[in-house]
Every structure is written in C-alpha cells, then in structure tokens.
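Numbered from 1 within each chain, the chains take letters A, B, ... in sequence-line order.
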Amino acid sequence: MKRAILLLPLALFLGVAAFLYRGLFLDPAELPSALIGKPFPPFSLPAVEEPGRTLTVEDLKGKPSLVNVWATWCVSCKVEHPVLNELARRGVNIVGVNYKDDNASALKWLKEFHNPYQLNIRDEQGSLGLDLGVYGAPETFLVDRHGIIRHKFVGVIDERVWREQLAARYQELLDE
Amino acid sequence: MNALIRAALLGLVLSATAHAAIDTYEFKSDAERERYRSLIEELRCPKCQNQNIADSDAPIAMDLRREIYRMLGEGQSDEQIVDYLVARYGDFVRYKPPLDGRTLLLWYGPAGLLAVGFGVLAVILVRRRRRATGPASTSLSPAERERLATLLDKKDP
C-alpha cells in the first residue's frame, strides 16, 4: 500500500505529460464552429450575377451543398478556386458567399477564372458572414438538404483536404 | 543624445495619438463608453488567436467593434452582447470560459491540486510529530512497569 503511494507523483507527472504532449499537435488556429448542428442563419441578400434576384436560406435547401465564403481580396481564395472548379465539374453542389467584396470585381473574377458556384450570395456588408461566424476567408460549410450546418472547414480546400476531410462527409449528406 | 531622447518622445506622442484615433465612436454617456471599453477588452478577436478586440487591427475585429457599438446603442445588456458573439464564434471569444463539464478541470484543477498538496503536507507533518513525541508519551502499564523494574534491579548488582 505504502509503495503504491510512492508511485503517485510519477502517475501525476505522466498524466500531465500526456496532456501537454497532445497539446503539441493541436492547431490553435482551428476553431470549432459554434454553428455545427444548427440551421443556416436566415438571410435575404441579392445574387452576385443577378442583382434583381433575392436569395434566402430556402434556396439552400433541397440538396446538400458546400457553402464557400470567398472574396476577390482574399489571396488564398485564388489558390482554392481551381479546386472548386474541378469539384463543380465532378458534380459537387457549391454555393458561394461573396464576402465583403465589390460586386464588379466579383463578376470579373468569375468571368476570368470560371464559375464553380450554383448560386452566389452577395454579402457586401458582411452581415451573413458575421452570422456565420466567419473570421477570415476562405471558409467552407457543409450544409445538408434541410439547411443544417454539419461541418466547417477553415482555409484552402485542396485535393488532399477534399479527399481526407470533406469528400466522405459530403457523400454522407448525399446518401441521407 | 538629446536628439535621441527627442525622437523617443516624438515616438511616444505619435503612438499615443495613433491609439486614440481608433476610438471614433460617440457615446451617449461616459458609462456607456466605459462599458464599450471593457467589452472590447474582455472579448478575444477570433482571427488573431491572442489579442482582444480592442487591440486588434484585423478587419473582423473592426466589424465586431462596430457591432458591439451598435448593440450598445440599441440598449442591449453586456450579457446579451457576449451571448450574441458566443453564438457565432463559440466560447473562444471569451477569455473567461463558462463553467461546464469540459471546463471543470480548468476552473477547479489548480485549487484541487493545491488542496491535494496541503493534504499530503498535513499527513506528513502529523506523522512526523507522532513519531517525535510518540514513544516518550506512551505510558507503561503497571505490569510493564513492574517488569522494567525487575530488569533494572537485575542489572544493578
């Protein structure tokens, strides 16, 4: 019994060490979204390509989508764009949120680099972005057919990210 | 040397004005200004990991300052404003996390460890004292005393 108590400090130390060791591999830039499992926030905003058309959260329902927050001022969005084009070509349903951008530049960008978006929400004031808890583009939300946010990815989607983190989740939403 | 001091002073003055230039909002009262100040100082900027909203130049921090100003103007309470931000950005925006199952260890862990430490210390001290004073204070039973006396008597001659 007395021997066992002598091992207690060692056990405590190992516990703390394991805790800190795990901490070494956590990415502090990766914030879990507070919105997972919650409905996509309601909005009423114009479409980027058709200024007369008003988009609402109802437009997102019916089939699963990748809601991608982008902007022409966002450097990494340029890196991500060809990947989105490729995903759209493979039939992935992508919806854009043009975040705090100038619409003319957005239109020019879509014309020059192709348009992977089925819909493109024009969030010039960043109000939808705020409701989505966006803190830097690009950010991508996986939204199911009922308009519930199921997953969030912050940063550039490349082939590897798609393959390892998003493809299976998207497929799951399709199969539901 | 003199020039150096003068340059340093100029730098100080400039940085002070640069800091003041951030606050361009007008408040109805000093109390409201004070609430605004304490709110932006106690909320963390979601983009910059470890800066509060007041100190950050990130666009998102600017947006959040504007949003907090707007909500203060609408007469919302501090609690409502914090809840509004937590609903969007999660508990990350609070430097002081709420007390729940996940944060129990964070809140009470240090106090718990301290209590365990004091407990161990107390046990050690009590044991040591008992050992030091123990044998002397133990009184012998009459039978033992008799035996002791005979033992001593035997040795004597």
Side-chain angles (χ1 to χ4, degrees), chain A residues 1-2 4-13 15-16 18-20 22-23 26-43 69 71-76 99-102 123-139 141 149 152 154-155, chain B residues 43-53 56-71 74 76 81-95 97-98 100 102-106 109-110 112-124 126-127 131:
Chain A
M1 184 57 208
K2 266 197 178 144
I5 283 180
L6 288 179
L7 286 176
L8 193 70
L10 180 67
L12 268 177
F13 168 76
V16 171
F19 200 66
L20 295 178
R22 209 178 89 83
L26 294 178
D27 182 3
E30 213 171 84
L31 301 192
S33 172
L35 290 156
I36 305 293
K38 299 212 174 118
F40 199 87
F43 61 91
V69 179
T72 55
W73 48 259
C74 151
V75 183
S76 5
Y99 177 60
K100 293 176 79 173
D101 208 348
D102 162 51
D123 186 22
E124 219 159 348
Q125 304 302 318
S127 59
L128 177 59
L130 192 77
D131 284 340
L132 280 171
V134 168
Y135 56 90
E139 288 186 17
F141 295 84
I149 295 174
K152 177 186 184 183
V154 177
Chain B
L43 289 165
R44 173 151 49 161
C45 161
K47 177 75 191 166
C48 13
Q49 300 302 330
N50 228 341
Q51 254 183 325
N52 57 18
I53 293 177
S56 171
D57 283 332
I60 183 69
M62 271 182 245
D63 286 0
L64 293 179
R65 283 199 293 266
R66 196 187 56 225
E67 201 67 13
I68 290 169
Y69 172 71
R70 180 184 65 75
M71 292 173 82
E74 284 171 5
Q76 306 218 31
I81 294 173
V82 172
D83 286 349
Y84 174 89
L85 290 177
V86 168
R88 284 157 181 75
Y89 295 97
D91 284 328
F92 182 84
V93 293
R94 312 172 62 163
Y95 275 111
D100 61 26
R102 289 172 307 135
T103 55
L104 213 61
L105 200 64
L106 186 65
L113 274 180
L114 194 68
V116 168
F118 273 124
V120 168
L121 188 67
V123 166
I124 289 173
V126 165
R127 275 200 191 158
R131 204 172 302 152

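Contact detail for B:R66 and A:Q125: the closest heavy-atom pair is NH2-O, 4.3 Å. In plain terms, the two heavy atoms of A:A34 and B:G90 that are nearest each other are CB-N, 3.4 Å.
Side-chain contact check for A:L130 versus B:Y84: some heavy-atom pair is nearer than 4.5 Å. Within the 4.5 Å cutoff, side-chain heavy atoms of B:R88 are placed close to those of A:D131.
With a threshold of 4.5 angstrom between heavy atoms, B:V93 does not approach chain A through any atom at all. If you measure heavy-atom distances from B:L64 to chain A, the contacts under 4.5 Å come from the side chain alone. Contact of A:L8 with chain B is not made at all, since no heavy-atom distance falls under 4.5 Å.
Environment of CZ in B:R70: crowded, with over 12 heavy atoms of neighbouring residues, nucleotides or ligands closer than 6.0 Å. For B:L105, the CG atom counts as loosely surrounded, since its 6.0 Å shell holds 12 or fewer non-hydrogen atoms of other residues, nucleotides or ligands.
Between the side chain of B:Y89 and the main chain of A:V134, a donor-acceptor pair closer than 3.5 Å is present.
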